[in-house]
S.K.: 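Mind looking over this structure? Questions follow.
From a predicted model like this one, the values you see are computed outputs, not experimental measurements.
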Amino acid sequence: MPAETAAVVAVTEEIHAWDAGGAVSAEALAAWVSARLAEHEEALAALLAVQGARTLENTLRLYDAAIEQLSLAGSQANVLNSVAADKAVRDQAQLDSQRVAMAGAALSLNRGVYDALTGMDLAGASDATKHYVERTLLGYRLAGVDKDEATRAHLQSLHEQATRLSLEFSRNIQEGAKTITVTADELDGLPADYLARHKPDAEGKVTISTDQPDMQPVMTFAASAALRERMFLAYNTRAYPANKTILEQLLATRQQIASVLGFRSWADLATADQMMGSAANVREFLHKLDDASREGAVREHAMVLEFARQKQPGIGEIDMTSRGYWYEQYRRAKFDFDSQSVRPYFPYAQVEAGILATAARLFKVEFRTVGSTAGDAAAWDNAVKVFDVFENGERIGRFYLDMHPREGKDKWFSAAPVVTGVRGRYLPEAALICNFPEPGANDPGLMQYSDVVTYFHEFGHLMHAILGGHTEWAGLSGFATEGDFIEVPSQMLEEFFRDVKLLQSFARHYETGVLLPAETIQRMKGASAFGRADGMRQQIYYTAISLNLHDQDSAQIDLDKTIHALYTSLLPWRWLEGNRMYASFGHLTGYSSNYYTYAFDKVIALDFFAQFDPENLLDGEAGARYRKAVLEQGGSKPGRRMVRDFLGRDEEFAAFTRWLNEEFEGEPAGATR
């Protein structure tokens, strides 16, 4: 490596914003991000100053160093925007996220950098390096780098506006939590530990919030239809009306960007560099999902409606606020399974330990806790657990578990990169930001089975970031696949928690220590299989919203009419007026038109899971092969290539179709495990 290049790409020592005080001081955070942006600019300046022939070392190495710093700043600004305790720090993190995004937009339109990258001699380069360069250059062309200077300036302004609107949209959801006040009588049906956490005040009133640990049990267990409706409306209006205006502006801005770049719609632009390729291909995929799920969903609805009418004669139809409740009641009767009955087997601490043990065994790694030293916080908050990842005695990464609700913290469930790993430079780091029930002195933090599945879903993202974070280039590291491949590792791991032996490795009653009985697990599996077709219809609904809002003239869109029309065309449960779910549909910022990713990747994930030996899930040969062919690659290969490397072919619908219709096949698949 030339000496001047080596000096510019020297490893940054201060890689954590919180080590610099950025978790508690807005000024410290701003200074830390500014330092990363300065190093980013320094690398680009050195790249543009190169004289003579363009090589990987004097051009791509400097470009990747610039990406490295941009990723470091953006990842941690985004994390602190989601988790910082001090609103001033969150506000600064939002501003810093916007600064980083603006720098990224400027880079994507920098014609000098583009010309430098196109001028490199790639003879002798690895396939991964060639893929990196090809994908980077495609990204430049899709950004409009080949347009004239005035057009590039206009595009940069539009991208900056879209970034600002997206951040405001997300912040309004994060900080828009509401509460409702109820009487103790209205909480009939809620679990005992829920009631213990929600004691009446002196006037006999109970306050519950729209945070997930409060909201979800109400929608599943509360016998009061009126309470469910109030909670539903509070939850689905928590960022309304502010986000309606912001979303309308964001859709218009995205459409302008697509038009300037010569695309018919934002959806066509956003899928051009994805596995799917075009909005038309997304619609074709949706038709396949529609065909696969329609008959089963009709049967499910008829069965639940008949059951509800038997229990409450006179019910005409079930509305969208009661779907979860009646599904729960039906499952209790049909499968002799009450989802509350298994919660004592899933106290939070036990689940965490079980997931860590499962992942360690599957991926052949070790997790060790990291503590704080005097004056040196291991993370941004004392509630965060930190683990180092070891393989054969060597540290290969770090992750952070921020798992319970806090005031001002993001209220969803997500995985986030913290440090982009680069072989020989930085070890990868990632975080889980979740909102599971928090254990306390007299509260074990009991989780629902669906919570356990969600935990391992997000842990799948985390392991992808760690194991895929050892590539040669920052731009290929960790999550850096096509956006519509990124959910494959997480959705594949969900399926592991349908295995009896695996569940029994950690599912013990928190009071008695008794194992979750195998027969209970079989009933639970049967109950969880029921409703898959209807659940897929809901995914089609969300996907159609995401696609349709970005695939037509934004000036003609009426948000309320659009979601109502899509809902009534796809789902049988009666619509409830006042539902403004689009205002808190956070995926509209990150995935934009591409929410189809979840269903598309489910098809791939189930085909992947079918390659594992059901009698030896954790120790069979498929785990090591999957790690090598998929996770360790990061973004070094196209997603299509990784699918073919692992399966020996393209994905097929067979495993997905079996999974979708398992409830109607008598015995659940894998019931003999």
Side-chain angles (χ1 to χ4, degrees), residues 189-194 213 216-217 219-221 296 300 303-304 307 323-348 350-355 357-358 436-437 444-459 491-536 602 605-606 609 612 614-615 617-618 658-673:
L190 273 298
D193 60 308
Y194 187 98
Q216 197 58 56
M219 302 309 299
T220 306
F221 302 122
E300 289 168 359
M303 294 160 75
V304 173
F307 172 81
R323 174 198 178 274
Y325 174 78
W326 282 113
Y327 260 92
E328 171 68 17
Q329 298 302 310
Y330 180 87
R331 289 180 177 119
R332 291 182 184 183
K334 172 70 175 179
F335 301 97
D336 188 24
F337 176 73
D338 178 351
S339 63
Q340 288 191 39
S341 68
V342 298
R343 293 176 66 248
Y345 296 88
F346 296 126
Y348 176 83
Q350 202 166 282
V351 170
E352 179 182 280
I355 287 176
T358 300
F436 295 119
L446 300 182
M447 300 169 69
Q448 294 182 212
Y449 172 68
S450 60
D451 291 332
V452 179
V453 175
T454 296
Y455 199 148
F456 212 32
H457 173 105
E458 299 303 340
F459 209 86
Q491 297 208 82
M492 199 277 285
L493 285 190
E494 290 180 12
E495 295 305 307
F496 280 70
F497 279 89
R498 287 160 41 75
D499 183 74
V500 174
K501 289 184 293 186
L502 195 155
L503 277 171
Q504 287 189 325
S505 70
F506 68 89
R508 293 178 177 272
H509 197 287
Y510 78 100
E511 290 178 319
T512 66
V514 172
L515 280 176
L516 181 60
E519 57 271 24
T520 302
I521 296 174
Q522 296 297 354
R523 293 198 305 274
M524 180 173 69
K525 288 166 63 176
S528 66
F530 181 80
R532 282 187 185 150
D534 185 75
M536 185 51 59
K602 189 70 171 180
L606 287 167
F609 183 69
F612 284 74
E615 299 301 326
L617 281 178
L618 300 182
R658 287 196 302 272
W659 173 85
L660 195 64
N661 295 292
E662 183 180 293
E663 64 189 283
F664 300 119
E665 295 177 359
E667 187 179 38
T672 58
R673 291 182 190 170

S.K.: Give the minimum heavy-atom separation between W659 and R532, together with the two atoms involved.
M.R.: O-NH1, 2.9 Å
S.K.: Residues in ring pair (Phe, Tyr, Trp, His ring centres under 6.0 Å) with F436, at least two apart?
M.R.: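 F436 satisfies ring pair (Phe, Tyr, Trp, His ring centres under 6.0 Å) with F413, Y455 once adjacent residues are dropped.
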S.K.: Would you say the side-chain atoms of T220 pair up with the backbone N or O of P217, donor to acceptor, closer than 3.5 Å?
M.R.: no
S.K.: Can you name the residues that form a ring pair (Phe, Tyr, Trp, His ring centres under 6.0 Å) with F221, not counting sequence neighbours?
M.R.: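 F221 satisfies ring pair (Phe, Tyr, Trp, His ring centres under 6.0 Å) with no other residue.
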S.K.: State, to 0.1 Å, how close G296 and A533 come at their nearest heavy-atom pair, and which atoms those are.
M.R.: C-CB, 3.6 Å
S.K.: F459 and L493: side chain to side chain contact (heavy atoms under 4.5 Å, CB included), yes or no, with the steps?
M.R.: CA-CA 8 Å; F459 209 86; L493 285 190; 5.6 Å; no
S.K.: Side chains of M303 and F307: closer than 4.5 Å at any heavy-atom pair?
M.R.: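 Not in contact.
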S.K.: Exactly one of F456, F497, Y345 should register a ring-ring contact (aromatic ring centres under 6.0 Å, His included) with F506. Which one does?
M.R.: F497
S.K.: Where is the tightest heavy-atom contact between Q504 and L516, given as atom of each residue plus distance?
M.R.: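 Closest approach of Q504 to L516: NE2-O, 2.9 Å.
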S.K.: What distance do H457 atom NE2 and S450 atom OG have between them, rounded to the nearest 0.5 Å?
M.R.: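 Here the rounded value is 13.0 Å.
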S.K.: Filter on salt bridge (Lys or Arg N to Asp or Glu O under 4.0 Å), then keep only pairs touching residues 505-520, sequence neighbours left out; what's left?
M.R.: none
S.K.: CD/Q350 to CD1/I355 distance, rounded to the nearest 0.5 angstrom?
M.R.: 11.5 Å
S.K.: Quick one: CG on D193 to OH on Y510, what's the gap to the nearest 0.5 Å?
M.R.: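 So the CG of D193 and the OH of Y510 are separated by 7.0 Å.
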S.K.: How long is the span from the CG atom in L502 to the CG atom in L618, to the nearest 0.5 Å?
M.R.: 5.0 Å
S.K.: I'd like to know if the side chain of E300 and the backbone of D534 have a donor-acceptor N/O pair within less than 3.5 Å.
M.R.: yes
S.K.: For P437 versus D451, what's the shortest heavy-atom pair and its separation?
M.R.: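 The pair with the smallest heavy-atom distance is CD-OD2, 4.3 Å.
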S.K.: Can you tell me how far apart CG (L515) and OG1 (T520) are? Round to the nearest 0.5 Å.
M.R.: 11.0 Å
S.K.: Go through the steps for Y348 and E352 under the test side chain to side chain contact (heavy atoms under 4.5 Å, CB included), then give the verdict.
M.R.: CA-CA 6 Å; Y348 176 83; E352 179 182 280; 2.8 Å; yes
S.K.: Can you give me the closest heavy-atom contact between M447 and V452, atom names plus distance?
M.R.: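 In terms of heavy atoms, the two residues are closest at CE-N, 4.2 Å.
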S.K.: Measure the shortest side-chain to side-chain distance between K501 and E615 over non-hydrogen atoms and say whether it is less than 4.5 angstrom.
M.R.: yes
S.K.: Please report the shortest heavy-atom distance between F335 and R523, naming the atom on each side.
M.R.: O-CD, 3.1 Å
S.K.: Between E328 and S339, is any side-chain donor less than 3.5 angstrom from a side-chain acceptor?
M.R.: yes
S.K.: Classify the angle between the aromatic ring planes of F346 and Y449 as parallel (below 30°), tilted (30 to 60°) or perpendicular (above 60°).
M.R.: tilted
S.K.: Dump the intermediate steps for side chain to side chain contact (heavy atoms under 4.5 Å, CB included) on E495 and R498, then the final yes or no.
M.R.: CA-CA 6 Å; E495 295 305 307; R498 287 160 41 75; 3.3 Å; yes
S.K.: Measure the CZ-CD distance between R343 and Q340 for me, rounded to the nearest 0.5 Å.
M.R.: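 Between R343 CZ and Q340 CD, I get 6.5 Å after rounding to 0.5 Å.
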S.K.: Do NZ/NE/NH1/NH2 and the carboxylate oxygens of K334 and E663 come within less than 4.0 Å?
M.R.: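 Looking at K334 and E663, the cut-off is not met.
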